[in-house]
Amino acid sequence: MRTDLIAQANTIKTQTTKRINTLVDAGAKQMKMYCAETDNAPAADSGIFAGGVGEWAVGVDYKKNDLFSYQGNLGYVKQAHTSQATWLPFAVGTESLYGARPNPDADGVYSYTYNMAADVGMLVSDPDDGLIYECIQAIPDMLFKPHEIPAHFTVKSD
């Protein structure tokens, strides 16, 4: 009986994973089309689609608004260029090349990632103080952590 239940649970888990991956791929495809057709950056909360795009790589000719995955997060290209090992995404000095869209955790909290965007209501964790902040004013390019920009974030109260 127990073996049957475990097998059934494993089957359900496999089917669920396949469905999630299908949805992530479909969402990534829609995000790519949106960025290409509108010339807009991906939405601040689009990091959930990181698994549906290819990994960032050195030596690639990227076009504006191309999407990629880097360290589990969704990224996009701000201006056309050929990627280089010294121009890593989401790093100081590459703000004009790449934008970040982090993948939220199971509770819907986004880990602060350099050069990410935040929309009003988004929850962002700050690695310096461990607190969760709520975005109160949208910001397209976060070059500072939430605790450093109080005009955009307030500590989330339970």
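Not measured: the values here are computed from a predicted model.
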Q | For F90, ring-ring contact (aromatic ring centres under 6.0 Å, His included) partners two or more places apart | A | Y70
Cut-off 3.5 Å, no hydrogens considered: what does the side-chain donor-acceptor table look like for residues 92-99, sequence neighbours left out?
{"unit_1": "T94", "atom_1": "OG1", "unit_2": "L88", "atom_2": "O", "d": "3.0"}
{"unit_1": "T94", "atom_1": "OG1", "unit_2": "A91", "atom_2": "N", "d": "3.4"}
{"unit_1": "T94", "atom_1": "OG1", "unit_2": "A91", "atom_2": "O", "d": "2.8"}
{"unit_1": "E95", "atom_1": "OE1", "unit_2": "G93", "atom_2": "N", "d": "3.1"}
{"unit_1": "E95", "atom_1": "OE2", "unit_2": "G93", "atom_2": "N", "d": "3.1"}
{"unit_1": "E95", "atom_1": "OE2", "unit_2": "Y114", "atom_2": "OH", "d": "2.3"}
{"unit_1": "S96", "atom_1": "OG", "unit_2": "Q79", "atom_2": "NE2", "d": "3.3"}
{"unit_1": "Y98", "atom_1": "OH", "unit_2": "W56", "atom_2": "NE1", "d": "3.0"}
{"unit_1": "Y98", "atom_1": "OH", "unit_2": "H81", "atom_2": "NE2", "d": "2.8"}

Q. Quick one: does S125's side chain have a donor or acceptor within less than 3.5 Å of a partner on I132's backbone?
A. no
Q. Is M116 linked to V120 within one hydrophobic cluster, defined over Ile, Leu, Val, Met, Phe, Trp and Tyr using a side-chain heavy-atom separation of less than 4.5 Å?
A. no
**Q.** Linked, directly or transitively: V155 and F144 (ILVMFWY side chains, under 4.5 Å)
**A.** yes
**Q.** Donor-acceptor under 3.5 Å (S83 side chain, G59 main chain)
**A.** yes
**Q.** hydrophobic_cluster_shared for I149 and L131, side chain cutoff 4.5 Å
**A.** yes
Q.
On a heavy-atom basis, which atom in M122 and which in A118 lie closest, and how many Å separate them?
A. SD-CA, 3.7 Å
Q.
Is any side-chain heavy atom of D39 closer than 4.5 Å to one of K64?
A. yes
Atom pairs and distances, donor-acceptor, side-chain atoms in residues 40-53, under 3.5 Å, two or more places apart:
{"unit_1": "N40", "atom_1": "ND2", "unit_2": "Y34", "atom_2": "OH", "d": "3.3"}
{"unit_1": "N40", "atom_1": "ND2", "unit_2": "T38", "atom_2": "OG1", "d": "3.3"}
{"unit_1": "S46", "atom_1": "OG", "unit_2": "A43", "atom_2": "O", "d": "2.6"}

Q) So how far is it from Q137 CD to D119 CG, rounded to the nearest 0.5 Å? A) 12.0 Å
Q) Does the side chain of N65 come within less than 4.5 Å of V77's, by heavy atoms? A) no
**Q.** I136 reachable from F153 in the ILVMFWY side-chain graph, under 4.5 Å edges
**A.** no
Q | NZ/NE/NH1/NH2 to OD/OE distance under 4.0 Å, K145 and D126 | A | no
Q. Is Y133 reachable from Y110 through a run of I, L, V, M, F, W or Y residues, each pair having side-chain heavy atoms under 4.5 Å apart?
A. yes
Q: Kindly determine whether M142 and Y112 satisfy side chain to side chain contact (heavy atoms under 4.5 Å, CB included), including the steps that lead there.
A: CA-CA 9 Å; M142 286 177 60; Y112 170 76; 3.6 Å; yes
**Q.** Closest approach of V124 to P146 (non-hydrogen atoms, all atoms of both residues)
**A.** CG1-CG, 3.7 Å
Q: Flag the pair K78 and D66 as a salt bridge only when some basic side-chain nitrogen lies within less than 4.0 angstrom of an acidic carboxylate oxygen.
A: no
Q) Closest heavy-atom contact between G121 and E134? A) CA-OE2, 3.8 Å
(Q) To the nearest 0.5 Å, what is the distance between CG on N73 and OG on S111? (A) 8.0 Å
Q: Of all the heavy-atom pairs spanning H152 and I139, show the shortest one and how long it is.
A: ND1-CB, 3.6 Å
Q.
Would you compute the distance between atom OG of S69 and atom CD of E55 and round it to the nearest 0.5 angstrom?
A. 4.0 Å
